[in-house]
Trainee: 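Here you go, one structure.
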Amino acid sequence: MPDCSATYETEVEEGQNKRVVKCKFCSSIILTPTTAAFSTFEYDLPVMKPNKDSTSPPETENISYFWAVKDMFTFFNVGFSNTVGNTKYLTCADCEAGPIGYHDITSKMSYVALPRVSHSDPV
Amino acid sequence: MAKKTYDLLFKLLLIGDSGVGKTCILFRFSDDAFTTTFISTIGIDFKIKTIELRGKKIKLQIWDTAGQERFHTITTSYYRGAMGIMLVYDITTEKSFENIVKWLRNIDEHANEDVEKMILGNKCDMDDKRTVKKERGELIAKEHGIRFMETSAKSNINIDRAFRELAEAILDKTAGREPGDSVDRVMKITLESANRISGNMSVQSVLTQNKCLPPS
């Protein structure tokens with residue numbers, strides 16, 4: 001489970017992601033270093049639950065730390081879900097774990113939830 | 001201003017009959033432990049993948065028809081801006097192979113004339129149920145001067161290779177153009193993709209989304 005009390009200070013350098021942002025499960029690269037802006041706000045993102053029961057409406061989790069991406073083609077690898085309302089949800093492009101964040105159709109901004117990804121030094 | 005993280009952007013499409021495994025080529029869904037009910041219910045619209053070819057960082061934006069082919073509604077708007085098309089048939093379904101010719105005609109009518117094509121005979125992990133010989137796939141590809149490969153989305157055979165080869169073929173074409181030309185095209189595509197995703201889709205209409213079930 002994501003550790004919501006984690007501080008992400010060490011991941012931020014000059015307001016951007018210092019390290020590679022990867023999928024927690026398969027290590028697929030989502031963002032390369034210094035391509036996204038650290039931003040804090042509250043958002044209820046549907047939980048990443050194993051493919052078993054389908055409760056409707058989806059259970060959500062309040063997230064407050066994000067990597068903000070202006071141009072979707074900044075992503076190294078990512079999947080965009082179909083549109084629900086004004087939102088597209090982001091997934092890992094390789095193992096489809098998600099939602100790891102969301103894309104807002106109106107503002108065209110994408111936000112990756114920090115607790116839903118892992119960070120590591122470039123190899 | 002954020003720095004540009006890529007050199008080229010290629011928009012690719014997956015085309016073919018329903019049930020040939022297009023969705024599985026792009027989106028694995030299925031019994032993957034990490035796929036949540038939430039994501040597989042909504043369905044994935046497109047993926048962005050980065051590959052490196054000849055020292056160039058290339059972004060692939062890969063779209064699936066999302067079932068449009070069932071209603072014969074694949075039109076110019078879907079093909080617009082596409083630089084590469086994966087034409088997929090199922091080696092266990094004769095009809096899907098016969099329809100490749102029909103899809104080729106559809107592409108000729110609606111897509112950009114210099115779109116790069118590749119034929120994929122999918123489900124090659126199901127050799128015991130094969131009805132379309134590999135030679136037939138090779139022959140039809142040769143007749144139309146297109147690349148060919150047999151793939152298995154389920155066993156992950158040749159999928160990455162197919163996308164790399166298609167991208168490479170597009171790169172070969174792009175390289176022959178004036179530099180300004182390709183930049184224009186990339187920008188145009190970015191705009192169009194942005195327009196496309198602003199189109200809305202209700203949850204209901206995607207609830208019927210196919211899942212990639214393992215062969216029974």
Side-chain angles (χ1 to χ4, degrees), chain A residues 16 23-26 28-37 45-60 68-100 103-106 108 110, chain B residues 1-6 8-11 26-52 57-64 66-67 156 160 186 189-190 193-207 209 211-212:
Chain A
Q16 289 186 311
C23 170
K24 271 190 174 176
F25 302 97
C26 74
S28 171
I29 298 173
I30 300 160
L31 288 162
T32 50
T34 67
T35 51
L45 197 63
V47 294
M48 292 170 76
K49 233 162 74 177
N51 211 348
K52 276 175 194 144
D53 61 305
S54 50
T55 44
S56 178
E59 216 180 296
T60 62
V69 177
K70 249 189 234 171
D71 170 6
M72 66 164 78
F73 296 109
T74 299
F75 283 105
F76 198 80
N77 295 308
V78 77
F80 279 70
S81 79
N82 283 315
T83 308
V84 181
N86 241 340
T87 308
K88 280 180 168 302
Y89 293 96
L90 306 178
T91 74
C92 167
D94 289 312
C95 74
E96 273 132 34
I100 54 165
H103 172 85
D104 183 74
I105 299 280
T106 320
K108 297 189 168 53
S110 304
Chain B
M1 202 51 217
K3 65 180 176 186
K4 205 175 163 208
T5 57
Y6 58 98
L8 291 163
L9 169 63
F10 295 163
K11 177 182 170 183
L26 187 49
F27 316 132
R28 300 207 316 264
F29 288 131
S30 68
D31 42 357
D32 204 310
F34 309 127
T35 309
T36 58
T37 308
F38 179 73
I39 291 293
S40 49
T41 302
I42 305 171
I44 297 179
D45 195 16
F46 62 87
K47 277 186 182 175
I48 293 169
K49 288 215 168 197
T50 308
I51 58 168
E52 204 165 303
K57 276 205 175 59
I58 300 174
K59 297 274 168 181
L60 305 179
Q61 189 187 29
I62 314 163
W63 300 80
D64 183 16
N156 201 12
D160 284 353
V186 167
I189 289 158
T190 312
S193 338
N195 285 342
R196 183 184 156 140
I197 62 162
S198 58
N200 223 333
M201 203 171 187
S202 70
V203 188
Q204 281 78 7
S205 73
V206 295
L207 279 175
Q209 190 91 15
K211 298 291 186 302
C212 302

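The figures here come from the full heavy-atom set of this structure, side chains too, leaving out hydrogens, waters and symmetry mates. Labels below follow one simple rule: chain letters A, B, ... track the order of the sequence lines, proteins then strands, and each chain is numbered from 1.
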Trainee: B:Lys59 versus chain A, heavy atoms under 4.5 Å apart: side chain, backbone, both or neither?
Mentor: side chain
Trainee: Test side chain to side chain contact (heavy atoms under 4.5 Å, CB included) on A:Lys88 and B:Ile42; report intermediate values, then the result.
Mentor: CA-CA 9 Å; A:Lys88 280 180 168 302; B:Ile42 305 171; over 6 Å; no
Trainee: Looking at CD of B:Gln61 and CZ of A:Phe75, how far apart are the two atoms once the value is rounded to the nearest 0.5 Å?
Mentor: 12.5 Å
Trainee: Enter the distance from A:Ile100:CD1 to B:Ile39:CD1 here, rounded to the nearest 0.5 Å.
Mentor: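 It comes to 9.0 Å.
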Trainee: Got a second to check how far A:Thr91's OG1 is from B:Asp45's CG, nearest 0.5 Å?
Mentor: 11.0 Å
Trainee: For A:Met72 and B:Ile48, work out which heavy atoms get closest and say how close.
Mentor: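 Where A:Met72 meets B:Ile48 most closely, the heavy atoms are O-CD1, 3.3 Å.
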Trainee: B:Phe38 vs A:Tyr89 aromatic rings, parallel, tilted or perpendicular, using cut-offs 30° and 60°?
Mentor: perpendicular
Trainee: From B:Thr41 OG1 over to A:Asn82 CG, what is the distance, rounded to the nearest 0.5 angstrom?
Mentor: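 Between atom OG1 of B:Thr41 and atom CG of A:Asn82 there are 11.5 Å.
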Trainee: What residue, out of A:Thr32, A:Val78, A:Ile29, has the most heavy-atom pairs lying under 4.5 Å from chain B?
Mentor: A:Val78
Trainee: Kindly compute the distance separating CG (B:Leu60) from CG (A:Asn77), expressed to the nearest 0.5 Å.
Mentor: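 Nearest 0.5 Å value for the CG-CG distance: 9.5 Å.
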